Enquirer: 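My questions will all concern the structure given below.
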2 protein chains.
Amino acid sequence: MTAADRVYQIIRKRILDGQYPAGSYVREAAIGQELELSRTPIREALRRLVSDGWVEAIPHHGAQVVSWTQRDVEEVFELRVLLEPQVARRAATRIERSQLDKLESLAMRMEALCREGRENALEEIAVLNDDYHARLMAAAGSPRLQRLLETIVQVPVSRRSFHHYTRDELAGSMHHHRELLRALGAGDGDWAASVMRSHLLAARAAQLRFAACVEEAGAGVASMSRRG
Amino acid sequence: MTAADRVYQIIRKRILDGQYPAGSYVREAAIGQELELSRTPIREALRRLVSDGWVEAIPHHGAQVVSWTQRDVEEVFELRVLLEPQVARRAATRIERSQLDKLESLAMRMEALCREGRENALEEIAVLNDDYHARLMAAAGSPRLQRLLETIVQVPVSRRSFHHYTRDELAGSMHHHRELLRALGAGDGDWAASVMRSHLLAARAAQLRFAACVEEAGAGVASMSRRG
DNA sequence: TCGAGTCGAATTGCATACAATTATAATGCG
DNA sequence: CGCATTATAATTGTATGCAATTCGACTCGA
C-alpha cells in the first residue's frame, strides 16, 4: 500500500467523522506537514476523493469538503432503492451456505445489541450493519454494482439514518435482516429484492421524518434569532 | 482547463478508438514525451481513468487498459436497465418544452440518416444518439444518476450495440425515440420508463446475438487452426 | 463614503530529480 | 539441463522547487 492510499483513507475517515466539516478546505501543505509527507501523495489522495465525490476541487483554490443538502440525501436514497434490491436479487441465486451462515451470525449479534439497548450500541450495530451489507454485496458477484454502491452509500455519520430510528423502527430493521436471510435461503430473488426495498424505504421514511424535524427546529431558531 | 484534464480526455479518446488496445500498458513517460509534458499531469489523468474504470493500476508496474469480457458487457446492460428507465421517469415530470423540441429534432435527424442509409450513417447516428441520451439525462436533473451512468455507459466503439443492429432493429430503435417523446410530452413517468426499458432490452438482445455469432466464429477459427 | 483597480499573499499546477519496487534476463549451482 | 538466485533495467512512487492563478485587502479616485 502506497502513501497516497493511506492518506486517502485518513482524509476520508476525517470527513466521515466530521473532523473536516462540510465547506472547509483540505490544504495539501497542511496535511503534508502533519503526516510528514510531501504534497505529491496528498494530491493523489485528494484527486481520488474528488472522483469519489467527497470533496470538490476548485481550480487553483483548493479542495472543499462537499456539503450535503436534503436534496442530496434524497437523491442517494432514490439510487439505493434502485440498486440495492438488485444486489439482494443477485445474491439470492448465488450465495453459498457459508456466506449465509455468516450473515445470520451478524443478524443475531445485531439483535442482541438491540435487545441489550446499551449506551453506544447504535454505533456497534452500525458497524455490523455495514459488514452485513458488504457481505451481501460480495455474494451478489457484480463488481460494477459494488463499485457504484460503494461510491454512493458512504455518508458522514451525522447523516446515518440509523441514528434517527425509533425503537420500533430499529426492531423492524432487524426483522428485515431476518426475512432477507429466509429469502436468500429459499433462493427467491424477487422476495429478497422486495425485502431490501422495504428495508430502504423504511430508512428513507425515518430520514425524512428526521429532516422535517430539523427543518422545523431550524425555522424555530431562525425566527427566534430574528426576534432577538 | 488544466493540462491534466486535457491528457485525461486524450487518453480516454484513444482507448475508445482502440488506439490503446485492451491489455496494453499506458506509460507515463511515453505519453509525457509525446505531449511534451512532465509525468505529473499524465499521472493525474491516469488516476482519474483508473477511478472511472478505464484502466487498471498495477502497483509499480503500470496502467493497463481494461479488457472487456462478455460478462462485463452483460453487467453494464443490467445496470443500464436499472438506471436509465429512472432517467426517463424523472425527465417525464421535469422536462421543459424547449428541451423536448431539441430531442424531437435529434430524433428526426436520426430517422433521416436511417432512411438515407448512407455508408457511414451509423457513426453519425451514434453521435446523435449519444446527444439524445445526454440531453435526456440533463432533463432528469439528478447529478448523481448522471455521474453513475456516465462512468458506466461509455464503451469502446467496437463494442457499441448500434453497429450490430439489423435494419429492423435500427428502425425499432428510432421508434423508441419517438414513443419516448410522446411519453415525456404526456408527463407520464411510467410510460417513459417502460419505453426506455424496452429500448435497452432490445439493444441487449442485439448485443447478445452478436456475441453468440462472434463466439461461434471464434470456435470455427480455432478448430480450423487446430486442423491446419 | 463607495467603487474600481492594483498589489501581495496564499494555494494549486507543473517540471524535474531521486528513491523504491518490480519484472526480466543472465548466471551459477545442483 | 532445469531451477533458483542475483543483478540490472524499466517503471512507478515521492520529494522539492518554481510558475501560474486566484482571492482578498489596500489604496486611490470620484
Side-chain angles (χ1 to χ4, degrees), chain A residues 1-16 18-67 143 147 150-151, chain B residues 1-16 18-67 143 147 150-151:
Chain A
M1 179 183 282
T2 68
D5 291 330
R6 281 190 294 274
V7 174
Y8 170 82
Q9 295 186 337
I10 289 172
I11 298 180
R12 196 180 66 169
K13 184 174 185 308
R14 291 184 178 180
I15 293 176
L16 275 167
Q19 193 172 341
Y20 293 158
S24 66
Y25 283 89
V26 184
R27 301 295 182 195
E28 298 174 358
I31 305 211
Q33 201 161 0
E34 178 198 338
L35 301 179
E36 295 184 332
L37 288 168
S38 79
R39 277 173 46 218
T40 310
I42 316 288
R43 278 179 70 78
E44 285 206 7
L46 284 176
R47 302 328 262 261
R48 282 184 59 193
L49 289 163
V50 168
S51 14
D52 288 358
W54 290 100
V55 302
E56 194 174 352
I58 298 165
H60 291 102
H61 188 65
Q64 188 176 30
V65 178
V66 298
S67 301
R147 249 187 56 80
E150 276 171 359
T151 64
Chain B
M1 181 182 280
T2 67
D5 291 330
R6 281 190 293 273
V7 174
Y8 169 82
Q9 295 185 339
I10 290 173
I11 298 180
R12 196 180 65 169
K13 184 172 185 309
R14 291 184 178 181
I15 294 175
L16 275 167
Q19 193 171 342
Y20 293 159
S24 67
Y25 283 89
V26 184
R27 301 295 183 194
E28 298 175 358
I31 305 212
Q33 201 161 0
E34 179 198 338
L35 301 180
E36 295 185 331
L37 288 167
S38 79
R39 277 175 47 221
T40 310
I42 315 289
R43 279 178 69 77
E44 286 203 7
L46 284 176
R47 302 327 264 258
R48 281 183 59 190
L49 289 163
V50 168
S51 26
D52 288 358
W54 290 99
V55 303
E56 193 174 354
I58 299 164
H60 292 101
H61 188 63
Q64 188 176 31
V65 179
V66 297
S67 303
R147 247 189 58 80
E150 274 171 1
T151 64

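Please read these numbers as outputs of a predicted model, since none were measured by experiment.
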Enquirer: More than 12 non-hydrogen atoms from neighbouring residues, nucleotides or ligands closer than 6.0 Å to CD on B/Gln33, yes or no?
Expert: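 12 or below, so no.
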Enquirer: Taking only Lys NZ, Arg NE, NH1 and NH2, and the carboxylate oxygens of Asp or Glu, determine whether B/Arg12 and B/Asp52 approach each other closer than 4.0 Å.
Expert: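 Result for this pair is no, no salt bridge flagged.
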Enquirer: Taking A/Gln64 for the side chain and A/Ser24 for the main chain, is one N or O donor matched with an acceptor at less than 3.5 Å?
Expert: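 Looks like no, no N/O pair under 3.5 Å.
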Enquirer: Atom CG of B/Leu35 to atom C1' of C/dA15: distance rounded to whole Å?
Expert: 15 Å
Enquirer: When the distance from CD1 of B/Ile42 to C1' of C/dT16 is rounded to whole Å, what number comes out?
Expert: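 Distance check: B/Ile42 CD1 to C/dT16 C1' gives 14 Å.
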Enquirer: Could you pull out the protein-nucleic contacts involving nucleotides 6-14 of chain D (nitrogen or oxygen on both sides, under 3.5 Å)?
Expert:
from   : atom 1 : to      : atom 2 : distance (Å)
D/dT11 : O3'    : B/Arg27 : NH1    : 3.2
D/dT12 : O3'    : B/His60 : N      : 3.4
D/dG13 : OP2    : B/Arg43 : NH1    : 2.9
D/dG13 : OP2    : B/Arg43 : NH2    : 3.0
D/dG13 : OP2    : B/Arg47 : NH1    : 3.3
D/dG13 : N7     : B/Arg39 : NH2    : 3.0
D/dG13 : O6     : B/Arg39 : NH1    : 3.1
D/dT14 : OP1    : A/Ala3  : N      : 2.5

Enquirer: Do A/Arg43 and A/Glu28 touch side chain to side chain, with heavy atoms closer than 4.5 Å?
Expert: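 With C-beta onward as the side chain, the pair touches.
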Enquirer: Does A/Arg147 use its side chain to pair, donor to acceptor, with the backbone of B/Ser51 at less than 3.5 Å?
Expert: yes
